[in-house]
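Every value quoted in this text rests on a predicted model; they were computed, and no experiment measured them. Residue numbers begin at 1 in each chain, while the letters A, B, ... track the order of the sequences.
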Amino acid sequence: MTLPRLVSGLAGALLGALLVGCDPAAPAGPTGAEVLEQSLDRTIVPDLSAFAAAATSMQASTASFCGAPDSSTLEALQESWRALALSWNRVAAYNIGPLNNDLIVPRILFVESMRQRGTDYTETVREELDRALTGDHALDQAFFDGLTFTKVGLLALEVLVFEDSRDGSTSVVDIVADYEAAPRKCAYLKGVMGQLVTVAEAVDEGWRVDDGTGQPFRDQMLGAELPDGSEPVAALIVALFEHLDYTKDRKLEGILDAQLSGKFYPHASAMLDALERLLDPSDSLGFVGLMEARGFVDEAGEVRANLAAAQKASAAGARDDLATAIGLLEGNLKREIPDSLGIFLGINFSDGD
Amino acid sequence: MTDRRQFLQGMAALTVLPVGCGGGAPADTLWVSAEGADGVFSLVAGSAEGLVVRVPSAFRGHGSAWHPAWAERVVMFARRPGTSAAVVDLAEGRVLHALDAPPGMLVQGHGAFSADGGLLYVALAHEHTAEGSVGVWRTDTWAQVGELDSFGIGPHELRLMPDGATLVIANGGLLTRPKTGAQVLNLATMDSSLVFVEAATGDLIEQVRVPEPKASMRHLAVADDGTVVVGAQIQREAVGHDEVLPLVAIHRPGQGLEVLEVSELVAAMNDYVGSVAVSSQARVAATSSPRGDLVLFWGLDTGRLLGHHALADVCGLAVDEAAGCFLLSSSHGQVRSIDALSLEERSDARRTFDGVRWDNHLTTVTL
């Protein structure tokens with residue numbers, strides 16, 4: 001073959017070097033590959049396992065409550081939901097691999113239905129619950145397997161444990177009385193709970209054991225290319241900024257979720273804290289530290305400042321300020337972070353015509 | 001730089017290699033695209049054997065057109081707000097001519113040759129008003145010899161119809177200006193249309209619109225029988241709701257514009273079609289969405305959704321009819337071949353071009 005192969009390959013070589021840890025331009029210290037592996041093993045995978053554990057824990061609380069419904073067991077159940085929702089918000093940004101396992105109805109929708117297009121399905125949940133409570137159809141596994149994503153997940157569980165289905169009261173006494181008056185409600189709660197446990201365990205297992213391809217998604221992330229052709233770090237960064245975009249556009253500039261439990265801002269703080277642990281862990285070098293080590297000190301400082309501003313706004317419940325700070329963080333993930341790390345995110349999706 | 005002898009020897013050698021969707025089709029097809037980033041741009045041509053030639057260009061290209069009578073020549077058109085097009089000889093690996101838009105006009109990223117290759121039609125828009133036109137250049141002297149009305153704002157892709165006498169033009173309807181980049185300045189009044197124009201006279205033959213006024217029809221492909229498939233981009237901020245809107249429509253000769261079904265797969269395209277290709281043999285159209293990392297396939301005759309293929313940052317689409325496949329390219333350097341009949345990927349034909357960022361559009365060139 002006499003054809004010349006004209007390969008400039010500069011970006012590809014940089015990225016490849018970043019991932020295999022032999023970038024000649026990089027200073028001494030952890031490589032991009034090491035930072036990625038550390039991020040997976042110290043943040044992403046453990047947090048996903050914690051989410052699955054929180055789901056199992058709430059399932060146990062559900063059994064306790066349904067076995068002896070009273071104010072005490074209900075409050076314990078509500079606390080389990082809060083813990084589950086917090087753990088979810090620490091991992092909801094990882095919408096790749098096992099969470100995003102289907103083009104049309106990926107698992108993430110079965111946890112957070114609003115994620116599809118920002119639609120609040122609270123009324124849909126209430127209507128389905130009403131049909132279940134007033135009907136006489138079997139509330140068996142087949143019934144719950146047939147429920148669409150709009151009727152299950154964290155929202156459905158929030159409706160089930162934080163309000164009286166008769167009149168919407170949020171009084172613990174009223175909610176307990178509601179369960180005592182409607183025996184099918186506990187069967188419904190158990191069924192919806194079981195669906196979420198199944199999803200959470202499948203996601204956890206997909207990252208750690210096998211996502212259906214024969215290997216853990218964690219291991220695939222450490223390879224050169226994911227099944228959809230994307231580069232792993234780029235896929236992670238895109239997932240992060242898409243989640244921030246969703247949080248800003250659909251929630252902060254749209255409809256705040258978790259209103260029955262009153263936990264929107266704690267959830268946002270949990271998300272931001274997890275993002276900080278991923279990007280800039282206090283006890284090791286993360287992606288932001290790597291930026292700094294590569295000489296992008298100002299850019300790294302900007303990411304840290306925007307993270308701090310977002311955390312402060314969330315703690316204060318300052319909706320507009322939080323939207324602004326999250327927008328800036330989203331911009332960091334689109335520009336400063338990949339540019340500093342030599343990661344190519346793709347051009348067509350953001351720069352078409 | 002490749003010289004002509006090397007290039008032709010190389011292509012002759014390639015013809016004996018089995019490649020493509022059919023498995024036994026000759027590998028004499030090049031995949032041509034604009035390419036580059038960070039101010040360094042080029043036209044690239046690759047094949048199943050790898051990168052064949054990279055020709056530096058002074059601008060970021062968008063679409064390209066293959067000369068129907070001079071197999072080694074293509075024209076690459078600048079994307080907005082460029083003012084140029086480059087006539088490239090793939091064998092010589094260089095730009096032969098640079099075409100400049102008339103003063104005050106911008107090249108819109110696409111163009112097409114006349115059937116005999118004697119004329120080149122280029123989509124143009126006024127730099128301030130975005131009023132559209134089609135510039136006409138002779139290809140022997142590369143002198144501009146005319147300008148036709150596009151009958152709309154912001155024309156984007158245009159093609160020659162199979163009759164060789166009609167141009168079909170997608171007027172995106174969007175007013176943008178160089179100083180404000182991609183920001184759309186006329187969301188309230190935007191008017192997108194698909195227009196059929198007599199190439200010789202510039203007379204308007206037909207002008208059709210989709211029902212959704214905020215759908216900007218920008219890309220299209222034409223089948224051998226004159227069926228036109230058009231892809232839209234929804235200006236969601238002006239729509240006022242979140243419901244999924246159609247992104248693909250088909251115009252059949254003698255009939256109106258049929259808007260194709262909406263589904264969750266269409267929703268997954270995220271309001272954006274970046275490229276369209278048609279296989280006349282298989283009677284299948286492909287539409288890509290880099291915002292959804294997804295290509296959808298549609299039946300030309302039924303208008304029904306037939307299948308899909310997921311690929312990160314996919315946009316470029318082309319058809320290799322000899323091999324019986326669609327070719328998909330991504331900015332991550334990948335080219336995938338999808339059998340036009342089964343719509344299954346030929347995984348053995350999967351290629352990755354290290355360091356190549358395939359831009360929005362892909363053109364097949366058969367030598």
Going by the rule side-chain hydrogen bond (donor to acceptor under 3.5 Å, both in side chains), which residues pair with A:Asp145 if we only count those two or more places apart in sequence or in a different chain?
A:Gln141
Quick check: under 4.5 Å, non-hydrogen atoms only, which of residues 110-118 of chain A neighbour chain B?
A:Gln116, A:Arg117
Among the options B:Gln108, B:His62, B:Arg80, pick out the one with the most heavy-atom pairs lying under 4.5 Å from chain A.
B:Arg80
Check A:Asp351 with B:Arg79, please: is the shortest side-chain N to carboxylate O separation under 4.0 Å?
yes
At a 4.5 Å cut-off on heavy atoms, which part of B:Gln233 comes close to chain A: side chain, backbone, both, or neither?
side chain
Tell me, for B:His361 versus chain A, whether the close heavy atoms (under 4.5 Å) come from the side chain, the backbone, both or neither.
neither
Carboxylate-amine/guanidinium contact A:Glu37 A:Arg218, below 4.0 Å:
yes
Take A:Val152 and A:Phe144 through the side-chain contact (heavy atoms from CB on, under 4.5 Å) test and state the conclusion after the steps.
CA-CA 9 Å; A:Val152 298; A:Phe144 291 107; over 6 Å; no
Under 4.5 Å from any heavy atom of chain A - which part of B:Ala268:
side chain
Would you please name every residue forming a side-chain contact (heavy atoms from CB on, under 4.5 Å) with B:Glu261, sequence neighbours left out?
B:Trp298, B:Arg304, B:Leu305
Looking at OG1 of B:Thr287 and CG of B:Leu317, how far apart are the two atoms once the value is rounded to the nearest 0.5 Å?
7.5 Å
Any residue meeting side-chain hydrogen bond (donor to acceptor under 3.5 Å, both in side chains) with B:Ser331, in chain and number order, not counting sequence neighbours
B:Asp313
Of all of A:Asp353, A:Ile104, A:Ile347, which one pairs up most often with chain B through heavy atoms under 4.5 Å apart?
A:Asp353
Salt bridge check: are B:Glu35 and B:Arg54 linked by an N-O gap of less than 4.0 Å?
yes
Less than 4.0 angstrom from a charged side-chain N to a carboxylate O is my criterion; do A:Arg250 and B:Asp242 meet it?
yes
Proximal component of B:Arg218, with respect to chain A [non-hydrogen, under 4.5 Å]
side chain
Counting only non-hydrogen atoms closer than 4.5 Å, does B:His309 touch chain A with its backbone (N, CA, C, O), its side chain (CB onward), both, or neither?
neither
Out of A:Leu226, A:Asp228, A:Asn348, A:Val105, return the one with the most heavy atom pairs under 4.5 angstrom to chain B.
A:Asn348
Could you go step by step and tell me if B:Val52 and B:Trp31 meet the side-chain contact (heavy atoms from CB on, under 4.5 Å) rule?
CA-CA 9 Å; B:Val52 174; B:Trp31 311 325; over 6 Å; no
So for B:Leu294, is it side chain, backbone, both, or neither that comes closer than 4.5 Å to the heavy atoms of chain A?
side chain
